[in-house]
J.: 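Have a look at this one before I ask anything.
For ligands, and for the atoms within them, numbers begin at 1 and follow the listed sequence.
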Amino acid sequence: MVHICDGYEKMDFTKVTDMLAKAYWSEDIGQDEVMRGASNSALVVGAFVEDEQIGYARAVSDKTRFAYIMDVYVDERYRNQGIGQSLVNYILDHESLKDVYQWLLSTRDAHGLYANCGFQPLAQPQRLMALKREVKNAPNRRLII
Ligand SMILES: CC(C)(COP(=O)(O)OP(=O)(O)OC[C@H]1O[C@@H](n2cnc3c(N)ncnc32)[C@H](O)[C@@H]1OP(=O)(O)O)[C@@H](O)C(=O)NCCC(=O)NCCS
């Protein structure tokens, strides 16, 4: 039985780091960086089977007008059971983000998942810009947008 909950203190960051270190956007990420990102996020959510964390996602937001969903990851053993979609819907339905009307995310190939949650391709992609800055502690990071 899978259950989803939120809160920094409820996450198993050893397991979350294991998962995100395999993701194409954060290969080899370390636990310090994962925890710093989580503690500065508006919402972190996890999927659990009994006590084992098997999914993770977070929202970066001002909790007013804008939110960005990132680090959506489901343990390979539990994929294609609707858990990824449940994590995203949990964030979208969360009381603390109920005023947010602009949601953004980036994905290489999981468009189908997010389309099921109401996301659409950008109407005006030319309005978005990106900057990649070299930082000391994460020299090999790829841009997610
Ligand atoms: C992408 C990921 C989170 C999906 O999790 P999941 O629990 O297997 O997804 P779900 O079972 O909730 O899938 C829900 C829907 O999304 C679709 N979907 C899932 N992964 C997809 C993908 N990579 N491409 C296209 N559609 C996808 C499913 O087909 C399903 O659609 P349906 O209900 O119409 O059949 C998971 O495969 C994963 O962790 N992948 C590695 C990390 C990653 O790529 N994360 C996404 C970053 S944007």
J.: Among Ser26, Gly84, Gly112, Ser106, which residue places a heavy atom closest to atom 6 (P) of ligand 1?
T.: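 Selected option, by shortest heavy-atom distance: Gly84.
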J.: Compare Val2, Asp109, Val72, Asp71 and give the one whose heavy atom is closest to atom 45 (N) of ligand 1.
T.: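 Of the listed residues, Val72 has the closest heavy atom.
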J.: Quick check on contacts: which atoms of ligand 1 are under 4.0 angstrom from a heavy atom of Gln81?
T.: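 Listed by number with element, the hits are 11 (O).
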J.: Is atom 28 (C) of ligand 1 touching the protein, meaning some protein heavy atom lies under 4.0 Å away?
T.: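 Under 4.0 Å from atom 28 (C) of ligand 1, zero protein heavy atoms found.
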J.: Give the numbers and elements of all ligand 1 atoms closer than 4.0 Å to a heavy atom of Tyr114.
T.: 46 (C), 47 (C), 48 (S)
J.: Is Trp25 close to ligand 1, meaning an N/O of one under 3.5 Å from an N/O of the other?
T.: no
J.: What atoms of ligand 1 come within less than 4.0 Å of a heavy atom belonging to Tyr73?
T.: 39 (O), 41 (C), 42 (C)
J.: I'd like to know whether the aromatic ring centres of Tyr8 and Phe13 sit less than 6.0 Å apart in this structure.
T.: yes
J.: Whether Glu27 and Lys22 form a salt bridge (side-chain N of Lys/Arg under 4.0 Å from carboxylate O of Asp/Glu) is what I want to check.
T.: no
J.: Verify the contact flag for atom 23 (N) of ligand 1, where contact means a protein heavy atom under 4.0 Å away.
T.: yes
J.: For the residue pair Arg79 and Tyr73, would you count it as a cation-pi contact if the rule is NZ or CZ under 6.0 angstrom from the ring centre and within 45 degrees of the ring axis?
T.: yes
J.: Does the protein place any heavy atom closer than 4.0 Å to atom 20 (N) of ligand 1?
T.: no
J.: Looking just at side-chain N and O atoms, do Tyr56 and Asp71 make a donor-acceptor pair shorter than 3.5 Å?
T.: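 Judged by distance alone, the side chains do not pair up.
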J.: Using a 4.0 Å cutoff against the non-hydrogen atoms of Thr107, which atoms of ligand 1 qualify?
T.: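 The atoms of ligand 1 under 4.0 Å from a heavy atom of Thr107 are 48 (S).
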